[in-house]
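The chain is numbered in sequence order, starting from 1. Bear in mind the structure is a predicted one, so any value in this text is a computation, not a measurement.
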Amino acid sequence: MSTSIHVPRRGDVDPGGAPRDFEVRYYAEILWRRRILLAATAIGGLGLGIFAGELQVPRYQARTLLQVMPPNPTSLSVTDALVQTGNPMRDRQFFNTQLSVLHSRAIAERVADRLKLKDQPAFQAAGDPVSLLLSSVAVEPVPDTYVVEVRVTNDNPRDAALWANTLADVYMDYSLEGQVEAAKRAYQWVTERLAETETGMQEAQDKLLKTYQGQDLFVPEGSVSAITTSITKLNEDHIQAQARRIELEAQLGEFGEARRRGRGLDAIPQVAGDEAASEISGRIRSLTLDLARLREKYKEGHPEIQKIQVQMQQLRKDRDARVAQIEEGLRAEYRQLQRKEAELKSAIDDHKGKAAEQSQKLTELESLKKKADAAGGLYGVLLQKLNETNIAASLQNNNIRLLDRAVVPVNPVWPRKRQVALVALLAGLLLGAGWVLLRDALDNTLKDAEDVERHLHLELLAAIPRYGKEDASLATEAYQNLRTALLFSRRGEAGQVVLITSTAPGEGKTTTLLNVAKLLAVSGEAVVVVDCDLRRANLHQRLNVPREPGFTDFFVKSVDLSGLVRTTRIPSLWAIPAGALPPNPPALLARPDLPAALAQLKRHYRWVLVDSPPVAAVTDALLLAQCADATVLVVQQNKVDRAMVKRALGALRKVTPNVVGAVLNSVDVKTKGYYGYQYYGSRKEHQEKSAARGPSARGPRPESAPPEAEVTDASIV
């Protein structure tokens with residue numbers, strides 16, 4: 001018997017965890033089938049883009065280029081002013097500031113006043129002409145240069161060029177005014193400071209002269225007094241005592257911090273380094289391990305556990321006492337150092353007083369001398385800078401240069417009709433593709449053979465096309481494929497019970513059963529069809545045989561099966577109609593003599609084809625599947641939700657492992673994957689073959705034909 005084929009779903013992951021390949025060909029074929037829709041949406045988008053481009057008001061853009069260099073300092077040497085030294089990379093803030101100035105309201109107001117924009121109707125209606133002007137101006141630096149690009153966009157190309165040039169002129173004037181004003185302020189400041197410095201220098205020199213005349217002071221150069229040496233030694237001792245005191249403060253603070261945070265004191269270096277405290281901590285850890293081992297054996301109240309707990313409490317008290325001793329020792333040393341530090345401080349102050357008394361006159365003299373020297377030096381520097389600033393200010397040039405003036409633009413920058421049309425074309429194409437793919441994603445039915453294998457993990461035995469009278473031979477070839485698949489799935493030479501069912505009503509299971517039965521019978525196989533659809537039985541109408549007595553009489557009236565078999569007009573094809581419909585079909589089919597009845601039919605016929613109700617509606621099909629050698633599931637294209645089909649298939653697989661495959665019924669041969677049906681011949685050839693069979697050949701029953709259409713020969717129905 002053939003086994004079902006596992007075909008991965010789109011987007012599934014394999015057992016190793018890696019995602020399956022994206023089925024590009026599948027979606028490409030979906031889009032190709034809807035190419036007319038895609039072309040229509042693309043053309044529609046293109047038309048809308050062209051129409052939108054024509055409705056847009058053309059906008060023109062004029063641009064001008066400015067070179068912006070960092071300015072020279074206002075107080076600099078004559079040489080620096082001549083060579084224009086400066087590094088713009090050293091001061092990025094200046095460059096960014098100039099960009100903001102170019103796009104500021106201050107510059108825009110000057111431009112608006114110079115162009116008299118406030119008198120124009122468009123700006124009067126706007127209410128704020130400066131904001132309207134700024135909205136049309138864009139300032140961007142040219143990368144890796146000192147060049148700034150100024151762009152002005154306007155509906156009028158002449159106005160765009162005029163505004164750009166005016167903005168550049170106003171900005172250069174504004175920058176030059178700022179530099180001149182800065183130079184003036186620098187010159188004025190240096191002049192004022194020079195006058196103040198000259199006065200201070202004269203006063204310092206006069207005071208120094210009077211001090212020399214009024215003091216009788218002589219101190220040999222390089223001499224050091226005993227008081228100075230003593231002060232140095234006392235300072236060293238005071239610094240050492242102060243450092244040790246600070247160290248003790250930190251150590252005592254560590255004790256307090258540990259207590260505030262609830263941490264143990266074992267981590268403090270003074271405690272951790274103490275041998276007695278370390279020994280006690282080690283004994284506590286050893287007892288902790290012993291206590292953990294005893295708790296594994298005994299309960300909490302055991303004497304051994306209590307004994308160790310008492311020992312641990314005593315050791316903790318000893319450790320706390322030792323820690324208190326260590327802390328008290330540190331506090332005693334801290335108090336001692338405080339007293340020592342105070343005594344050293346007092347001694348130092350006493351010696352300093354004596355030293356101050358001796359060196360006061362020398363200090364005053366040195367101070368006056370330094371003030372006089374400093375005043376003289378500052379006066380000389382300011383005098384030199386005053387002369388250089390006066391000369392450099394006359395040599396300075398404007399650091400803003402106009403590189404390119406704006407010209408009247410010829411072509412508008414907006415709308416870019418070609419780009420708008422191209423974007424609209426692509427948008428229309430993407431919109432159409434999205435709609436097609438969305439419809440495909442929302443379509444949850446089985447559409448083709450790949451869907452059957454992908455979602456049901458079931459082998460497709462045949463795909464039956466949707467056919468009419470003129471192309472019945474096309475469907476005949478499909479039913480031949482189903483017959484061949486059943487022949488390959490049979491077990492040995494004994495008879496085979498084949499259950500043909502579906503998920504929902506109206507999927508064509510009865511028609512499929514009759515056509516396969518006729519093809520098997522025409523090939524010489526002994527075939528009997530059994531109508532086990534005890535709810536909507538119609539095999540007797542299709543085969544033109546009486547419904548009663550039928551299969552239900554075998555269970556209810558114990559009629560022998562041989563008396564229930566009806567001959568049909570097709571050689572080698574027999575039928576057992578349903579009989580009187582019972583009130584409770586599942587109870588009838590669940591009787592233990594059902595397998596015996598089917599086994600009896602297998603001994604007399606090579607093929608026993610059983611028709612049943614749909615799986616999703618009732619449980620009759622599941623009861624029959626347990627007794628069947630093979631089960632075939634009929635699925636109609638684009639009709640039943642695939643989740644319902646999967647549930648029906650799962651129910652069948654729970655009761656039988658003999659689900660050999662599926663039949664996809666009523667397939668549109670024009671859809672993806674079914675162009676190969678033309679292999680069997682063109683429609684004209686099939687019509688010629690049908691005509692050659694003569695008027696006795698019955699045409700197929702169309703989809704709208706009533707179910708009681710009679711089957712009288714080997715033609716498909």
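Under the side-chain hydrogen bond (donor to acceptor under 3.5 Å, both in side chains) criterion, Asp593 pairs with no residue, sequence neighbours left out. With sequence neighbours excluded, no residue forms a salt bridge (Lys or Arg N to Asp or Glu O under 4.0 Å) with Arg339. In terms of the side-chain contact (heavy atoms from CB on, under 4.5 Å) criterion, residue partners of Thr288 (sequence neighbours excluded) are, by chain and number, Ile284, Met312.
Closest heavy-atom contact between Cys532 and Pro613: O-CD, 3.6 Å. The nearest pair of heavy atoms linking Ser502 to Lys509 is OG-CD, 3.4 Å. Annotation for Gln98 and Val68: closest pair CG-CG1, 3.8 Å, computed over non-hydrogen atoms. When all heavy atoms are compared, the tightest approach of Asn658 to Ala628 is ND2-O, 3.4 Å. When all heavy atoms of Gly506 and Lys639 are compared, the closest pair comes out as O-NZ, 2.9 Å. Between Leu594 and Cys627 the shortest heavy-atom distance is CD2-SG, 4.1 Å.
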Item to check | Pair Leu437-Leu31, side chain to side chain contact (heavy atoms under 4.5 Å, CB included): steps then yes or no | outcome: CA-CA 8 Å; Leu437 296 179; Leu31 296 175; 4.2 Å; yes
Checklist entry - Could you walk me through whether Val610 and Val498 pass the side chain to side chain contact (heavy atoms under 4.5 Å, CB included) check? => result CA-CA 6 Å; Val610 180; Val498 179; over 6 Å; no
Next on the checklist: Test side chain to side chain contact (heavy atoms under 4.5 Å, CB included) on Thr631 and Val660; report intermediate values, then the result.
Outcome noted: CA-CA 6 Å; Thr631 300; Val660 297; over 6 Å; no
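For the pair Val635 and Val663, the minimum side-chain heavy-atom distance is 4.5 Å or more. Put simply, the side chain of Val618 does not reach to within 4.5 Å of the side chain of Pro586, judged on heavy atoms. Counting heavy atoms from C-beta outward, Val632 and Leu499 have side chains that stay 4.5 Å or more apart. In this structure, Val142 and Val148 have side chains that are not in contact, with every pair of non-hydrogen atoms separated by 4.5 Å or more. A heavy-atom distance below 4.5 Å is found between the side chains of Arg653 and Leu458. Residues Asp533 and Arg535 meet the side-chain proximity criterion, which asks for heavy atoms closer than 4.5 Å. Contact annotation: the side chain of Gln626 never approaches that of Thr656 to less than 4.5 Å [non-hydrogen atoms, C-beta and beyond]. Residues Val634 and Ile500 form a side-chain contact, since some pair of their non-hydrogen atoms from C-beta on lies under 4.5 Å apart.
Within the 3.5 Å criterion, the main-chain N or O of Glu343 finds no donor-acceptor partner in the side chain of Ser346. Put simply, the side chain of Glu507 gets close to the backbone of Ala504: a donor and an acceptor are under 3.5 Å apart. A donor-acceptor distance shorter than 3.5 angstrom exists from the side chain of Ser100 to the backbone of Asn96, with no hydrogens or angles considered.
The distance from atom CG of Leu589 to atom CG of Leu534, rounded to the nearest 0.5 Å, is 5.0 Å. Residue His457 holds its NE2 atom at 10.5 Å from CD of Glu453, rounded to the nearest 0.5 Å. One finds the CG atom of Leu426 at 12.5 Å from the CG atom of Leu431 (value rounded to the nearest 0.5 Å). Note that OG of Ser612 is 10.0 Å distant from CG of Leu623, once rounded to the nearest 0.5 Å. Thr503 OG1 to Arg647 CZ: the interatomic distance, rounded to the nearest 0.5 Å, is 10.0 Å. Note that CG of Asp641 and NZ of Lys646 are 10.0 Å apart. Values are rounded to the nearest 0.5 Å.
Using a cut-off of 4.0 Å between Lys/Arg side-chain N and Asp/Glu carboxylate O, Arg490 and Asp629 are scored as not salt-bridged.
Counting non-hydrogen atoms of neighbouring residues, nucleotides and ligands closer than 6.0 angstrom, the CD atom of Gln336 reaches no more than 12 such neighbours.
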